[in-house]
Each structure stands twice: as C-alpha cells, then as structure tokens.
Protein chains: 2
Amino acid sequence: MTAMARPYHHGDLRAALLAAALHAVEAGGHATLSLRELAQGLGVSHAAPYRHFPNREALLAAVASQGFAQLAEAWLAAWRGAGAAGPAGRLRLAARAYIGFATEHAALFRLMFQGPPPPGAEAAFAGMQATVAAALPGAAEAAVKTRTLTMWSALHGFAWLALEGSIRPAMLRPLPPEAMLDAVLDAALGPPGGG
Amino acid sequence: MTAMARPYHHGDLRAALLAAALHAVEAGGHATLSLRELAQGLGVSHAAPYRHFPNREALLAAVASQGFAQLAEAWLAAWRGAGAAGPAGRLRLAARAYIGFATEHAALFRLMFQGPPPPGAEAAFAGMQATVAAALPGAAEAAVKTRTLTMWSALHGFAWLALEGSIRPAMLRPLPPEAMLDAVLDAALGPPGGG
DNA sequence: GGTTGCAGGTTGGCGATGTCAACATGACCG
DNA sequence: CGGTCATGTTGACATCGCCAACCTGCAACC
C-alpha cells in the first residue's frame, strides 16, 4: 500500500476535530456546526468525536479557547510591533488589532464571548493589562486594572455592536465610517495625545 | 359549556406564542427553546406555530424585538424619573438602568444582541441619542451621535462581559465590586462632574 | 514472544427537533 | 345557506446529540 487506505485509528483525531471545528465555525458560525458532519468530513464514524470531547459544547469551548489565544497574540503582536509609536500609540494600534480580529474572525469572536469564558480568556485579559500598565508608568495596580477594564469594555462593546450590525455607519451619517472607530478609540484610550 | 374545553382555534396564538417564548427565553435561554415544547405548553399541535412564524428564528427575532422595546423603555423611564439629577446625573441613572436590564434579563439581553438587530433596535438607539442630546445642549448632531456611540459601546461592552463572566469582580481585586461599575460609568459618560 | 489491557475506533439505535405537505375545521362574508 | 380562507391538525422526513455495546490494534508486561 502506498498510503494506508483507512487505518483503524486516525492518528490525531482530537487535533483534527479541533481544526475542522475552527474551520467550520469561521465558515458558518457555531450554531450550524454539527458533530456528525464534522466526523464525516474527517472520514470517521459519527460517534468518534465523543472519544475526545464529552459533548458538542466542550468542543466549542476548546475552539473558543484557541480563539482567545489568537486574540491575545494579535493584541500583543500589534503592541510589540509598534514600539516606536510611544506608549499611547502602541495601545492604540493594539486596540485596532482587537477590532480587526473581531471583524475578520467574526464568527469565532461571537463564539468566544458567548457562554462562560473558556480557559485562556483570563490570560488574554492579563496580557492586555500588561500593555496598559506599560502605558501608565508608575500607576497603581488598581488604576491599571480599572483602566484595562474600561478600555476593554469600550472596545468590546463597539466590536460586538458593529459585528452584529446593531451599529452601522449609516446611523452616524453624515460622519465618515472611519470616524466611528476613531471616536471609539479616543473614548477608550483617551485622545491621541493624552495618557 | 362554562369554558370551551378546547376550541379548534386558539384565539390569539401568535400573542400567546410570543409571551410563552419570552418566558422560556428568560427562564432557560434561547438556545434551549423548542417550538414543539412551546406548542405543547399552549395545548396546540406541534406545527401550529408555523401558521404565525415562518421558523424558529423568526419567533426569536420577535422576542428580541420586544426586548429592545423594554430596554428602551427602561432607559427612558430612568432618565425621565431623574429630572432633578441634572443632565449628567440623568444620563448616569439611565446608564445604570441599561446595566440593570442586562443583568436582570440576562438571557433576553443575550438573545437581543445576537444575530442581526431586529426591528426596534434602531429605535432604541434613537431614544438613547435623544437623551444624550439633552445632556449636550448646543452640541452639533455629529457630536451627539459619536457621544452616543461611544457611550453605548462602553456600557454594552461592560454589560456583556460581566454577563458572560469574562469580567469578574475577582479580577479587579482588591477593588470593591461596585468600583467596576463606577469606573465604567465614569469612562462612558465622563466623570460625575463633567459633561 | 504471547497475552492482555485499554485508548480509540465502530455500529446501531433512541428520543427530540425543525420543517414541510396534505388535510380538517370553523368563522366570516356574500 | 354556501364557499373561502385563515388557522389548526396529522403524519412524515431528515438530522442531530448522545449513549450502549462491541471491535481493533498498539503497547506494556510477565
């Protein structure tokens, strides 16, 4: 046999399921994801997924967890890559990355913030908090925490509302669409010059 | 007959379905709502709901629409009832009402902001915008709109994150839990003294 | 090296669900 | 009084999540 036709054991079904689930979520949203369809797509029986995830919800939680890792990475990457922009500018670029992630991975983002936060969510918050701390040198930890909270709330609210269409550029007419994002960033981070 | 045992026609099945669906959502979340169960609870056959709603999604959208009406009413009622608090104070109380609605009707709130905004969502935004305008006398309409947008984003983001547990008071320790809400209100509306 | 244990597959089936097609009923209107 | 049509009903289909019972083959052990 040049390539094993169909080995009884898949090899790494768990990882394959996760990847396929992530793909399915990004393609069609988590609501339409079907375990049976997933299994069939991987050439495996309809009950095989239950050997790796206790139920559908657990698989989705694992996908969401992956999403939080990606989101944290996007945030930190933008922040790290913007070292020359100054403390406030770096945060601003990271914030743009947050909104960018939400719009580019809308379905995944929706899944992530639905239901109890999966493992990884708290770490993402901690990562954001670290970058906020860098922008507020000498600030008390309490101040950093509340600042992170208010920033995250503003960014997340805007991302979510824009994602679902609750906020549309048309509602802000005659302002240009980009004005929405700028206004939110100003409000979330303080105006470009401020701290 | 003192009371018709089971008339062939229900009378107002549409309204009954809506009320029952609202109740079911508030009780168990929209994910577990079943049309068949709903129908059975109303003493009607399992396909009867399809005479009034094309599908499950449409029924949920109608429930969400009702929710937006309630939310707008809660906002406006708080604002109206706080006439003596001054422009900024009124907005602050309305904002508290928004958060209050979100936490008291968590499941309904989740449904409302999931999927495309149902009819009524835009009217709710317009209502909020009117109250913001009253707090910014003489401001250009564009300024009012962006202010409403940033305020809503901050409030909504906090409400959602708190609702789902992404933000927990423990994460802000050692700050007291109420500090979270106050900080968000300050950020969303400007500090208590400001405009 | 044969045996055996167990993770990781399979088959089959149950109960429930959303949705549709075909039919029944009865209120209202001419 | 007869017909029409909105509104309910019955029955069925495909699909789904999940479970129980069984099978396979790698690996570890005497």
Side-chain angles (χ1 to χ4, degrees), chain A residues 1 3-25 27-65 107 110-111 114-116 118, chain B residues 1-25 27-64 107 110-111 114-116 118:
Chain A
M1 312 168 250
M4 287 178 286
R6 208 162 277 199
Y8 192 87
H9 288 85
H10 178 282
D12 197 353
L13 183 55
R14 184 192 169 89
L17 278 169
L18 240 124
L22 176 60
H23 188 268
V25 164
H30 68 275
T32 70
L33 177 140
S34 144
L35 287 190
R36 293 177 100 112
E37 196 178 356
L38 229 55
Q40 187 180 355
L42 294 173
V44 116
S45 81
H46 65 257
Y50 288 88
R51 292 288 143 192
H52 300 276
F53 298 94
N55 51 36
R56 198 184 101 110
E57 195 184 349
L59 172 56
L60 287 177
V63 172
S65 199
R110 261 187 285 256
L111 167 64
Q114 187 146 72
Chain B
M1 312 166 247
T2 57
M4 287 177 287
R6 209 161 275 198
Y8 193 86
H9 289 85
H10 178 280
D12 197 354
L13 183 55
R14 184 190 170 89
L17 278 168
L18 237 117
L22 176 60
H23 188 267
V25 165
H30 68 274
T32 70
L33 178 139
S34 144
L35 287 190
R36 292 176 101 111
E37 195 177 357
L38 228 54
Q40 188 180 355
L42 294 172
V44 117
S45 81
H46 65 259
Y50 288 87
R51 293 289 144 193
H52 300 276
F53 298 94
N55 51 37
R56 198 183 101 109
E57 195 183 351
L59 173 57
L60 287 177
V63 172
R110 262 186 286 255
L111 167 63
Q114 184 146 70

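Per chain, numbering begins at 1; letters A, B, ... match sequence-line order.
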Nearest-Å distance, CZ (A:Phe53) to P (D:dG17)? 14 Å
Rounding to an integer number of Å, can you tell me how far B:Asp12 CG sits from D:dA6 C1'? 13 Å
Heavy atoms only: give me the nearest A:Val63-A:Ala21 pair and the separation to one decimal. CG2-CB, 3.6 Å
Whole angstrom value for the distance that separates P of D:dG17 from CD of A:Gln40: 12 Å
With side chains defined as the heavy atoms from C-beta onward, is the minimum distance between A:Leu13 and A:His52 less than 4.5 Å? yes
Indicate, with a heavy-atom threshold strictly under 4.0 Å, whether B:His52 touches base, sugar-phosphate, or nothing. sugar-phosphate
Shortest non-hydrogen contact from A:Pro118 to A:Ala61? CB-O, 3.6 Å
For A:Arg110, which residues count as a salt bridge (Lys or Arg N to Asp or Glu O under 4.0 Å) partner, sequence neighbours excluded? A:Glu164
For the side chain of B:His46 and the base of D:dG11, is some donor closer than 3.5 Å to an acceptor across the two? yes
Length of the CG-P vector between B:Leu38 and D:dG8, whole Å: 14 Å
Please tabulate the protein-to-nucleotide N/O contacts below 3.5 Å involving nucleotides 16-18 of chain C, giving atom names and distances.
unit_1, atom_1, unit_2, atom_2, d
C:dT17, OP1, B:Ser34, OG, 3.2
C:dG18, OP1, B:Leu35, N, 3.1
C:dG18, OP2, B:Leu35, N, 3.1
C:dG18, OP2, B:Arg36, N, 3.3
C:dG18, N7, B:Arg36, NH1, 2.6
C:dG18, O6, B:Arg36, NH1, 2.7

Taking all heavy atoms of B:Ala24 and all of B:Leu33, pick out the closest pair and write down the distance. CB-CD1, 3.9 Å
Student check: side-chain heavy atoms of A:Val44 and A:Leu17 closer than 4.5 Å: no
Value in whole Å for how far the C1' atom of D:dT24 lies from CG of A:Leu13: 15 Å
Separation of atom CZ in B:Arg51 from atom P in C:dC20, rounded to whole Å: 11 Å
